[in-house]
Each structure stands twice: as structure tokens, then as C-alpha cells.
Amino acid sequence: MIKHSSILFISICIYTMLGIIWPELGIFRSGYSDDGGFNIAMASIIHAILFHLIAYNFSNYCVNPGFLKTPFAISCLVSIAYLGVPFLKYYGEVRYVEFDVGLQYRLFALLVVCASIFMILKIYAKYWTLFYFKSREVMHQSVGPLFVPFMYFIFGASLFYLIYGKIYLSLNETQIVLLQAGYFISLYYFSLFGLQHKAYWNELLFVSGGIAITYYLGTRYTLLLAVLLLGFGRISRIQSNQRRKSMVLLCLLLIPLVTILILGPLTAMTKNRYGEISLNYELQRTDYVDFVAAASLADYKENVFKGLYTSSLWAIPGSYIDKSRLDYSMEPFFDNNQWRSPDKREGHTLKTNDYPDSIFSCGAMVGGVVGAILLPLVWFGVFSIVLSRLNNTLLLSFYLASVPAMFNIEIAFFKIIPVLRNWFVTSIILFVFIQLTIILYPKLMGYTKGRNC
């Protein structure tokens with residue numbers, strides 16, 4: 001088994017060399033910035049070191065055999081991966097001119113986000129591990145193997161209607177989100193939660209589904225997350241705690257490097273770009289830290305209660321309210337700070353900003369640095385408090401339904417209430433199906449507890 005210190009040392013050396021000799025720019029060229037090649041290289045290296053520290057901290061929690069199997073762990077894992085991918089961003093032209101706030105502020109925002117993730121893991125990791133074990137026990141006692149065909153049905157139905165609706169119907173965003181939820185819930189179940197029979201066939205099935213969704217919807221995130229989840233699903237089944245920790249750390253450190261290799265071809269396949277694809281420009285699409293830096297320094301901050309009120313209006317079904325008349329809850333923030341989207345190649349205007357939102361940037365827009373730390377704690381706290389109050393099949397339903405929300409890293413402020421609404425709606429649907437299963441197949445109530453997930 002490779003020692004953790006060796007993994008970290010070798011990886012930091014590789015990241016440092018990339019930070020020094022990045023193709024076409026490197027340490028002796030200034031690139032697009034006035035900071036100079038040396039300062040840019042140092043910023044890149046500092047970014048990589050902070051990424052390594054947070055990745056190592058995350059891997060420590062994976063010593064617990066149940067932690068990595070929770071939606072919460074995958075959510076934190078994706079956030080950390082997003083931190084590592086754009087570590088070379090300082091060499092490139094800032095994707096959004098509003099985010100060009102200086103190296104020191106960008107690095108400070110990175111430190112703030114890392115501190116927030118440290119606190120989130122410290123506070124909630126043990127609770128979600130407990131939720132996992134309690135939900136698994138409920139599943140075995142209540143529905144047992146009947147969940148396997150049930151989850152296959154959810155996967156097939158959601159994938160079929162998602163693709164069919166995209167081709168022949170006009171699906172709205174809410175319908176697409178709910179259909180994708182079915183794909184992610186079934187993917188999570190077969191990767192980390194349910195009985196692990198025919199794992200290779202399941203992996204092939206879900207990767208094929210992810211490719212289909214990526215092709216028809218043009219969303220790279222679904223396929224990337226499917227591969228990520230299936231890979232860490234295999235790691236979660238490693239029996240040795242120390243070996244599992246080492247594999248988590250090694251894979252997490254490889255994700256940014258692999259992404260750099262595949263992002264260019266994947267972008268060319270799924271997106272329509274005018275002219276040559278700039279890899280550094282695409283890497284910044286995963287970067288939510290610069291948004292935190294710029295929002296923290298912005299002169300105008302948005303009122304959190306006003307923003308939540310607007311978000312609640314977005315949660316009302318479109319048949320009851322004309323959503324074309326609604327503002328996005330943070331539009332006053334953009335307008336009053338004269339923010340706009342300079343990404344003309346994607347056709348964005350002042351009213352169609354496509355900044356890389358996250359729960360961290362939402363916090364920064366309403367409370368600066370303090371908000372960037374506290375709002376994510378509140379966000380995960382809402383899920384943890386609700387789940388801690390539930391038992392039996394209601395707990396199982398809400399636990400599984402939390403998967404799509406936990407897997408969603410790009411959460412704009414106006415989506416906060418709709419995401420919680422989707423969580424409750426999906427939970428009730430799952431609860432009804434679980435109850436029907438129990439009623440129709442009462443003999444399965446005594447299913448053995450001891451089967452391994």
C-alpha cells in the first residue's frame with residue numbers, strides 16, 4: 001500500500017511542475033495578467049497545495065466504511081474536485097471581467113472556501129454516516145430485493161422520458177430536473193447503496209445512460225458525475241480502511257489532471273464553440289472561487305430575505321404564476337454592481353448571466369466572506385436537521401431523494417427554494433412507491449439484515 005505522504009509528495013511535485021511550465025505560457029511569460037509569470041506560477045502552486053490539503057482532509061473521513069457511501073460525501077467530493085480542476089486558471093484570461101480582482105483576493109477566497117468545507121465535514125460527516133446506516137437497515141427490513149427492479153424501472157423511465165421529451169416535446173427546466181433526479185437516484189443506489197450484484201453490467205448501463213443524456217441535452221456534468229460516482233462506488237467497497245483512504249486520496253488528486261486531458265475533446269463534442277477551444281478558458285467554467293472573491297469585494301450586497309422571497313416565487317408551479325415576469329433573485333446584485341456576462345460566444349447578455357454559481361458564491365453575495373462560510377453550513381444543516389427527525393420508510397425516502405440536491409454544485413440563489421421543493425416532491429413520490437411495495441409484497445418484510453451493500 002502506498003503511503004499517504006508519498007502520494008501527496010509526488011502529486012504536489014507534478015502540480016508544481018505544471019504550474020511552472022504550463023504550455024505556451026509558463027513562469028517566464030506574463031500571459032494575460034500584469035502580475036508577471038513568477039507571481040502567476042506561485043498562485044497556481046499555492047492553489048494546488050490548498051487543494052491537496054482539503055483532499056487529504058476529506059480522505060481521512062473515508063476511513064469510516066459508511067461515510068463515502070453518503071450523498072453528503074459525494075457532494076463534498078465534487079466541490080473539492082471543482083476546486084482542483086482550475087488550478088492553472090491564473091495563466092488565462094479571466095472568463096468574466098467582473099472576477100478580475102487580483103491574485104491575492106482570489107487566493108483568499110480559495111482559503112475561505114476550503115475553511116467552509118473543513119467546517120462542513122467536521123460538523124455533518126458523522127450525522128450523514130448515521131443516516132446512511134439507518135436508511136440501509138430500513139431498506140433491508142421493509143422492501144429488500146424489491147428495490148432492485150424498482151430502481152431499474154426508475155432508471156429506464158426517467159432516461160426514456162428525458163430523451164423522448166427532449167426530442168419530441170418541450171420539456172421545461174423543472175421537468176428536466178425531476179427526470180434527471182430519477183437517473184441520479186438510481187445511479188447512486190446501484191453504485192453505493194443497494195446490493196452490488198452484476199456491478200460491471202450496472203456500470204456499463206449507467207455510463208451509456210450518461211452518454212445519452214450528455215449527447216441529447218449537451219450537459220457534460222451528467223456523464224462526468226456518473227463516471228466519478230461509479231469509480232468511487234468501487235472504492236467504497238474496499239474492505240481495508242487504510243487502503244480505501246489511500247485510494248480516495250489518489251483518485252481525488254488525479255481528477256484535475258484527467259479533466260485537463262478530456263475537457264477539450266468533451267467540450268468540442270457537446271458544445272458549439274466559435275473558433276478554437278481554449279482549454280484554460282474551459283477550465284474556468286468549473287471555477288466558483290473567483291465568484292466568491294468578486295462578490296465579497298462588491299460594493300452592493302443583496303438582502304437575503306428579499307432573495308429568498310424571490311426564490312420562493314420561483315418554486316411556485318408555472319401554471320399558477322407567470323415566471324417570465326420574475327427576476328432572478330440576485331439580479332439586483334448584478335445590476336447594482338454593473339456586472340454582465342462578457343461571454344459573447346455563448347450568447348449571454350446582462351439578463352442571462354451564466355456565472356458559475358455555488359452555495360458559496362450565494363453566501364458571498366449576501367454576506368461577503370462571512371456569508372461564504374455560513375450559508376453553506378446552513379444549507380447542509382437544513383438537510384441534516386430534517387433527516388435527523390425522520391424514521392423508517394420516511395427517512396429512507398427523504399434520504400434517497402436528497403441525492404439530486406446533494407449532487408448539484410451549481411446552485412444559484414433563486415434556485416435554493418426550488419431545490420428544496422424538488423427534494424420534498426421527490427421524497428413524497430418515493431415514499432408512496434415504497435408503501436405500495438410493502439403493501440403488495442408483505443412477505444418481503446422479514447428480509448435478512450445481514451446482506452452487504
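- Taking 4.0 Å as the cut-off between side-chain N and carboxylate O, Asp357 and Lys415 do not count as a salt-bridged pair.
- Atom OH in Tyr56 sits 10.0 Å away from atom CD1 in Ile7 (nearest 0.5 Å).
- Between the side chains of Gln180 and Ser158, no donor N or O sits under 3.5 Å from an acceptor N or O.
- Checking side-chain atoms of Arg237 against main-chain N and O of Gly233 turns up a donor-acceptor pair under 3.5 Å.
- Phe72 and Trp128 have parallel rings, their planes meeting at less than 30° on a 0 to 90° scale where 60° marks the start of perpendicular.
- One distance of note links CG of Leu111 with CG of Leu50; it measures 6.0 Å at 0.5 Å rounding.
- Of the possible donor and acceptor atoms, one in the side chain of His52 sits under 3.5 Å from a partner among the backbone N and O of Ala48.
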*Audit row: Lys245, Asn60, side chain to side chain contact (heavy atoms under 4.5 Å, CB included) steps and yes/no*: CA-CA 6 Å; Lys245 173 185 174 180; Asn60 286 331; 2.5 Å; yes
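- Using cut-offs of 30° and 60° for the angle between ring planes, the Tyr82 and Tyr288 rings count as tilted.
- Rounding to the nearest 0.5 angstrom, the gap separating the SG atom in Cys76 from the CE atom in Met406 is 8.5 Å.
- Considering only heavy atoms from C-beta on, Tyr15 stays 4.5 Å or farther from Ile49 through its side chain.
- The shortest side-chain heavy-atom distance between Asn391 and Lys134 falls under the 4.5 Å cut-off.
- Using modelled atom types, one side-chain atom of Tyr124 and one backbone atom of Leu377 make a donor-acceptor pair closer than 3.5 Å.
- Judged purely by atom type and a 3.5 angstrom limit, Arg244 uses its side chain to pair as donor or acceptor with the backbone of Cys62.
- At least one side-chain heavy atom of Phe150 sits less than 4.5 Å from a side-chain heavy atom of Leu430.
- No close placement of the Phe131 and Tyr399 rings is indicated, their centers lying 6.0 Å or farther apart.
- Contact check for Val425 versus Arg421: side-chain heavy atoms found under the 4.5 Å cut-off.
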*Carefully, step by step, assess Ser358 and Glu410 under the rule side-chain hydrogen bond (donor to acceptor under 3.5 Å, both in side chains).*
CA-CA 5 Å; Ser358 69; Glu410 294 190 26; over 6 Å; no
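- Put simply, the side chain of Phe51 reaches to within 4.5 Å of the side chain of Leu253, judged on heavy atoms.
- The closest donor-acceptor contact from the side chain of Ser191 to the backbone of Leu187 lies under 3.5 Å.
- With contacts defined as side-chain heavy-atom distances shorter than 4.5 Å, the pair Ser388/Tyr127 does not qualify.
- Counting heavy atoms from C-beta on, the side chains of Ile235 and Leu68 come closer than 4.5 Å.
- For Trp339 and Phe291, the gap between ring centers is short of 6.0 Å.
- Annotation: side chain of Tyr152 is not in contact with side chain of Ser186 (no heavy-atom distance under 4.5 Å).
- In this structure a side-chain-to-backbone donor-acceptor pair under 3.5 Å is missing from Lys89 to Ser44.
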*Going through the checks in order, is the side chain to side chain contact (heavy atoms under 4.5 Å, CB included) test met by Trp314 and Ile417?*
CA-CA 8 Å; Trp314 277 96; Ile417 305 299; over 6 Å; no
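- Checking Ser402 against Trp423 by side-chain atom types alone, no donor-acceptor pair falls below 3.5 Å.
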